[in-house]
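Input: a single structure, listed below in structure tokens.
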Amino acid sequence: MDWRNLERFPEAMGEAWQARRGRSRIIGDKGSIDAAVSRWTLLDPLLISRPGARRFLPVLAIEEYREAVQRSLKRRQLMMIAVLSLLACGLALSGWAADRASAFRAALASLAIAGFGTLEYQLVIKRPDVLFDRALLTLWVVDRGRTYALGWTAMMLVAGALQLGGEHIVGGHERLVLAIGAVNARVLDGEVWRLVVGPFLHAGPAHWFGNLAFLVFSGAVAGALLGRASVALFVGASALGALVSTLLSDPSRLESYVGVSAGIFALLGWCAGAAMRRPQRFPGHFAATALGFSMLAFVGVWLLNPEASNVGHIT
């Protein structure tokens, strides 16, 4: 893991200010660079070269921008936390007044995101050294994990399209799950292949989208750190989640396990475990971020679809 090595960044040419994002075109106008820096976030792969410099470097490595960028990040993070907290209060009041469970779930989702944002503010954004290291690791993940993020996105799109097509052919969601899903009774009868196929079915668009969003993030990070083994970890953990659900279920009921949440949690858990085992190889508090994001994923997927995130029921 060479994410701290500044020599890995591309060489620069010229005597003027320049900037670029990955392999994109060069930004040569100082005003445009200042504007790009003012909007910079940790997920932005912006690199800058000062006049006479021999390399493009991360934004936080440029002394002229360092303090202003951190102040901007702190201000925007606090604003986001405040807005989400107020939104959570408004949604909770709306749910109480109209007796709507969906409003309460949305309020909890907003509160969970605000909580994760507060954790990141306290442990990362307020600390210049930790923030700098986190930015370096993010650039490394963007470079190394891009292929995995695209691959997981394509996989989820294909799985979603196949599910829609399959439901149309067989006559609905329940029939498709009965045909190829991880139906507990069928698995116990020896059809173990359902443990691998079944988790790639989802209870609905919200469940699918929640899994997609969290998988792309966790898959990119784990892919950059673990490589191709992350794919085997994800598939194996998804099947294991279906197996545990089968073994713990009531055999007299026709139930099915759907969704790849177990695989997502396995990827995040591996990242957190690796950071705790070898903290010197990761930015400060990286394990706390991985664990916090795991909790956010758990709460988020459950709130998007309370039934599907645990066991999808079909009768």
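What you see is a predicted model; the values in this text were computed from it and never measured.
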Indicate the atoms forming the closest heavy-atom contact of [X] with [Y], along with that distance.
X    : Y    : answer
V69  : L60  : CG1-CD2, 3.8 Å
V130 : V124 : CG1-CA, 4.0 Å
I27  : I33  : O-CD1, 3.7 Å
L268 : S294 : CB-OG, 3.1 Å

Check this for me: [X], atom [atom1], are more than 12 non-hydrogen atoms of other residues, nucleotides or ligands nearer than 6.0 Å?
X    : atom1 : value
R50  : CZ    : no
M295 : CE    : no
R76  : CZ    : yes
W193 : CH2   : yes

query: Yes or no on salt bridge (Lys or Arg N to Asp or Glu O under 4.0 Å) for D2 and R144, after CA distance, side-chain angles and deciding distance?
result: CA-CA 11 Å; D2 61 345; R144 299 291 184 91; 3.4 Å; yes
task: May I ask you to say whether E11 pairs ionically with R54, meaning some side-chain N is under 4.0 Å from a carboxylate O?
output: no
- prompt: Do NZ/NE/NH1/NH2 and the carboxylate oxygens of R194 and E191 come within less than 4.0 Å?
  reply: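 A salt bridge is present here (some side-chain N lies under 4.0 Å from a carboxylate O).
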message: List the residues meeting side chain to side chain donor-acceptor pair (under 3.5 Å) with E120, not counting sequence neighbours, and say none if there are none.
response: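 Only R134, T289 meet the side chain to side chain donor-acceptor pair (under 3.5 Å) criterion with E120.
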Would you list the atom pairs, donor with acceptor, under 3.5 Å between side chains in residues 229-241 and any protein atom, with sequence neighbours excluded?
from, atom 1, to, atom 2, distance (Å)
S230, OG, G227, O, 2.7
S238, OG, F234, O, 2.9

